[in-house]
Amino acid sequence: MAATSQRLTFNLLCAVLFLILALFLQPGGGQKKKENMLVEKVEQMMEWSSRRSVIRMNGEKFRRFVKSPPRNYSVIVMFTALQPQRQCSVCRQANEEYQVLANSWRYSSAFSNRLFFTVVDYDEGADVFQQLNMNSAPTFMHFPAKGKPKRADTFDLQRIGFASEQLAKWIHDRTDVQIRVFRPPNYSGTIALALLVSLVGGLLYLRRNNLEFIYNKTGWAMAALCVVFAMTSGQMWNHIRGPPYAHKNPQNGQVSYIHGSSQAQFVAESHIILLLNAAITMGMVLLNEAATSKGDVGKRRIICLVGLGLVVFFFSFLLSIFRSKYHGYPYRLLQYLHPVCSPQAPLNSATSFSDLFLFLMSL
């Protein structure tokens, strides 16, 4: 009986000792395991970064190195579709800027394991797109070292554009990592300028005995109008912000040429505005010609009607685009253009806009 009691006491002491070991020693072992896992992940990310500035990831790598803890580094992910069959020209343009930014970080003196640049292509990680409920590309997201991404961790591509400098500013706001963008030398502008100077110099040399064309008012007026059209259509904004040419909806395939917000625009939108301004100016020139010339009255009447038609029609179209971007603007010129260009049916319909644009180009 005494032996049985001693055995029970011994078993009870062993159980208590086991519980003590489980309570006090197991957490330390778990923490050590997490630290080892974190070290392995950082070492793996650094190894990939040494090979290429932008790390390509599939669904498995994304879940392990970006979504799953532990993680003490921030990750910038570009979700894109670069395969030729996707026909995403904007994705290729954004990828070029993204590569410039990643290379600037990789080869800078401030490079560390605090930040990594990655890319997830739709054809290599479609499950990631589904997991994040993502239906458009390209998209830039920041995954912080701690916590879940917030709304500000998604880059506003439509409003800001995808220029490397804008991306670097956004990354600095989200991670406090300062990246100075270094672009590879591009001599195309210098070569183009040299060719232009050579062409002008050669022309002046050939016409050195007759330089009256320099004082041609019409030529200088045309050159001034070209500069005005380029500036008023937003070409400088495009150069600074680097917006996409257009936007294709991946769900229905519709192409948007006019941005729906008053704070942004597409490159195609600038070209459309330039053509509309040119048509309105042509109409004003014809009206002035009809009023000041002293030719045949019938001919002047026809010129006046053509000029008036150009001004009314294209200014109405321009005003409709303005209404589609500034919702609630109450004024319009021609009623029949309103259904195509109104906020209820904006200029992002591939069929309606393309048909109308081709019609205008055929005039």
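Throughout, numbering of the chain's residues begins at 1 and tracks the sequence. Values below: all heavy atoms of this structure, side chains included; hydrogens, waters and symmetry mates excluded.
More than 12 heavy atoms of other shown residues, nucleotides or ligands fall within 6.0 angstrom of atom CE in Met141. Few gaps surround CE on Met46; more than 12 heavy atoms of other groups in view lie less than 6.0 Å from it. Sparse packing is recorded around CZ of Arg64, with 12 or fewer heavy atoms of other residues, nucleotides or ligands lying under 6.0 Å away. More than 12 heavy-atom neighbours from other residues, nucleotides or ligands sit within 6.0 angstrom of CE on Met134. Shown here is Phe315, whose CZ atom has no more than 12 heavy atoms of other residues, nucleotides or ligands within 6.0 Å. Around atom CD of Gln83, more than 12 heavy atoms belonging to other residues, nucleotides or ligands sit under 6.0 Å away.
For the atom pair CG of Leu115 and NE2 of His142, the computed distance is 7.0 Å after rounding to the nearest 0.5 Å. In this structure, the separation between OH on Tyr98 and OG on Ser53 is 10.5 Å, given to the nearest 0.5 Å. To the nearest 0.5 Å, atoms CG (Leu310) and CG (Leu276) are separated by 11.5 Å. Between the OG atom in Ser270 and the CG atom in Leu275 there is a gap of 11.0 Å [rounded to 0.5 Å]. How far SG of Cys304 is from CG of Leu286: 9.5 Å, rounded to the nearest 0.5 Å. Taking CZ of Phe117 as the start and CD1 of Ile179 as the end, the distance is 3.5 Å to the nearest 0.5 Å.
Scanning for ring pair (Phe, Tyr, Trp, His ring centres under 6.0 Å) contacts around Phe322 gives Tyr326, Tyr329, with sequence neighbours left out.
Using a 4.5 Å cut-off on side-chain heavy atoms (C-beta onward), Arg71 and Met37 make no contact. Annotation: side chain of Trp170 is in contact with side chain of Ile76 (closest heavy-atom distance under 4.5 Å). A heavy-atom distance below 4.5 Å is found between the side chains of Leu308 and Leu287.
Between Glu47 and Arg51 a salt bridge is recorded (basic side-chain N to carboxylate O distance below 4.0 Å). At a threshold of 4.0 Å, the pair Lys299-Asp296 does not count as salt-bridged, since none of the basic side-chain nitrogens sits closer than that to a carboxylate oxygen. Taking 4.0 Å as the cut-off between side-chain N and carboxylate O, Lys61 and Glu124 do not count as a salt-bridged pair.
Side chains of His259 and Gln265: a donor-acceptor N/O pair is absent below 3.5 angstrom, by distance only. Judged by distance alone, the side chains of Glu43 and Asn113 never bring a donor and an acceptor atom under 3.5 Å apart.
Note: the hydrophobic cluster containing Phe155 also contains Val181 (ILVMFWY, side chain heavy atoms under 4.5 Å, direct or indirect links).
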Item to complete: Take Val54 and Asn95 through the test side chain to side chain contact (heavy atoms under 4.5 Å, CB included) and record every step on the way to the result.
Response: CA-CA 10 Å; Val54 178; Asn95 182 63; 5.8 Å; no
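The closest donor-acceptor contact from the side chain of Ser164 to the backbone of Glu97 lies under 3.5 Å.
With Phe65 as reference, Trp48 is the one residue of Phe143, Tyr73, Trp48 to meet the ring-ring contact (aromatic ring centres under 6.0 Å, His included) rule.
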